[in-house]
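I have placed the structure first, in the form of structure tokens, so that the comments after it can refer back to it.
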Number of protein chains: 2
Amino acid sequence: MKIDPNSTADLSAQIAGAIRDAIISGDLIVDERLPSEAELAEQFQVSRATVREGLKRLAAQSLIRTQRGATGGAFVNRLSFEDAYSQQITTSTLLLSMNAVSFDTACEARYALERACAPLSAARRSADQLATMRAEIFRQGQPGLTDEAFCASDVAFHRALVDGAHNPVLSYQLAGSVEAMQPLMNMITFTARDRATILALHARIADAIEAGAGEDAVTGLTALEEETRKLAADVFARRATKR
Amino acid sequence: MKIDPNSTADLSAQIAGAIRDAIISGDLIVDERLPSEAELAEQFQVSRATVREGLKRLAAQSLIRTQRGATGGAFVNRLSFEDAYSQQITTSTLLLSMNAVSFDTACEARYALERACAPLSAARRSADQLATMRAEIFRQGQPGLTDEAFCASDVAFHRALVDGAHNPVLSYQLAGSVEAMQPLMNMITFTARDRATILALHARIADAIEAGAGEDAVTGLTALEEETRKLAADVFARRATKR
DNA sequence: AAAAATCATTTGTCAGACATTTAAAAGTCT
DNA sequence: AGACTTTTAAATGTCTGACAAATGATTTTT
């Protein structure tokens, strides 16, 4: 692991890169302890402050964790699905909000991916996941529910559907698509009539999942996508004329 | 933006969190300049070193960029799809390698997601993307190609397929699934016969995409998934008996 | 043997200094 | 006046040295 003091890049970035490469290549394995900051400083011929900045960069990506004390230090962290989920959600959310991604584009991606999960979920979902879907449908029918709560329940419903595929890689990939849409969905005002329509589609999808009918779940999701896009188009059209 | 000096979390992590929240909530907008490190240090009542560690955390996630000089400072960064891609690929790769995700699980996720793209790609792919697919197929037929080069070409083929959907959100989500499988694929030795089979399937998929026949592309992908899993199973079985 | 005190190691934080980069301001020449 | 050069000020990047706080290991005491 070497760094170039004459490079244009910051030393701390180079150090982070060198250690990251060592982790990716397998030179450093999970739970292995890195040299102490003082040792790293000597190895890289930089100050401890610079080493620390590099380590913080890695910590921000959950690649290492640090512990204080006698036997403490920086350890290679096992990147958990949990950690990856939340990173994925943050990134996806910012990506959508900062790049003026249209509602249609985000929606298309999300439902395309969800349809990919549907057949697997229909075949494998646990009773618990089905129960969650039913419970969220019930919640969505409650009067007096705020639009935000309705959206949150919608996300919970879809996450249960995705998790039903029992493929953690799929769940991880989908987490971003589903959750990142929430801020966009929150811009929509759902009338009682809208909610009833969505609720019926959710029920249809849950029925298909319960029956193990993947194809029906897919068509249900397609109908839901259409409905969602129509709703959004209405909202945006109304807003455009109002102003 | 406030931090709690008595919290268990590091001050630098709290500072990063506070600024990150401000970015996500929209309090800080793209290209806006943060206060200088000295000012932030005073605002948060910490030293400049601590502020800097916090800022490096954000830089690691591409949330800010820094510039030196008179009009320099830290600026809120527009998270580009490019940046998001590479983060996604790093995270996915580590997630697979560190969590003993089985080949089958990763493979299932990847092909499920790719099938979600196929109909869109068949409808919208540009001539250029189709040309890339054809070119990669041609490359894969060259004799003397190393296994690594074959895999790299495979990835290029599939990326063209995915990008053909012309949905940047989909491309972003898929980048991780497709690229992260490469290390796993590299463990496989492809015989001439294996390559011919894969090549034929690639051609079949490209034909379907060219003809705008989304359904055919989907079945082609399913066949390719089956083939890939069979190959991998063979390799792992052979390895198990050898040792 | 158990509990308490001490110790050594390591990260977390701080203060102050200097180097480097950069754009703007001031100065100089034609 | 305009073009070029020099100076200056502001900001990040890096270094040094120090102390605080946490924590496991060791030693001492009871």
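Reckoned from all heavy atoms, side chains included, excluding hydrogens, waters and symmetry mates. Lettering of chains follows the sequences in order, A, B, ..., and the numbering in each one begins at 1.
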Separation of atom [atom1] in [X] from atom [atom2] in [N], rounded to whole Å:
| X | N | atom1 | atom2 | result |
| --- | --- | --- | --- | --- |
| F44(B) | dT13(C) | CZ | C1' | 16 Å |
| Q45(B) | dC14(C) | CD | P | 9 Å |
| L11(B) | dA21(D) | CG | C1' | 12 Å |
| Q67(A) | dG12(C) | CD | P | 10 Å |
| D10(A) | dT12(D) | CG | C1' | 9 Å |
| E37(B) | dA15(C) | CD | P | 15 Å |
| L40(A) | dC15(D) | CG | P | 14 Å |
| L34(A) | dT9(C) | CG | C1' | 16 Å |

Taking the side chain as every heavy atom from C-beta outward, state whether [X] and [Y] have any atom pair closer than 4.5 Å.
| X | Y | value |
| --- | --- | --- |
| F150(B) | I188(B) | no |
| V51(B) | V46(B) | yes |
| Q14(A) | T50(A) | no |
| S12(A) | R57(A) | yes |

Contacting residues from residues 47-59 of chain B, given that a heavy atom lies under 4.0 angstrom of DNA chain C: S47(B), R48(B), T50(B)
Strand contacts (DNA chain C) in residues 68-76 of chain B, 4.0 angstrom heavy-atom criterion: R68(B), G69(B), A70(B), T71(B)
Under 3.5 Å side-chain donor-acceptor pair for T91(B) and Q88(A): no
Residues R110(A), D154(A): salt bridge by 4.0 Å N-O rule: yes
Residues R124(A) and D163(A) bridged, charged N to O under 4.0 Å: no
Which residues share a side-chain contact (heavy atoms from CB on, under 4.5 Å) with S121(B), sequence neighbours left out: R125(B), L161(B), I209(B)
Approximate separation, where rounding is to 0.5 Å, of E136(B) CD and H158(B) NE2: 10.5 Å
Sugar-phosphate, base or nothing in reach of R65(B), heavy atoms under 4.0 Å: nothing
Phosphate OP1/OP2 of dG12(C) contacted by S12(B) side-chain N/O (<4.0 Å): no
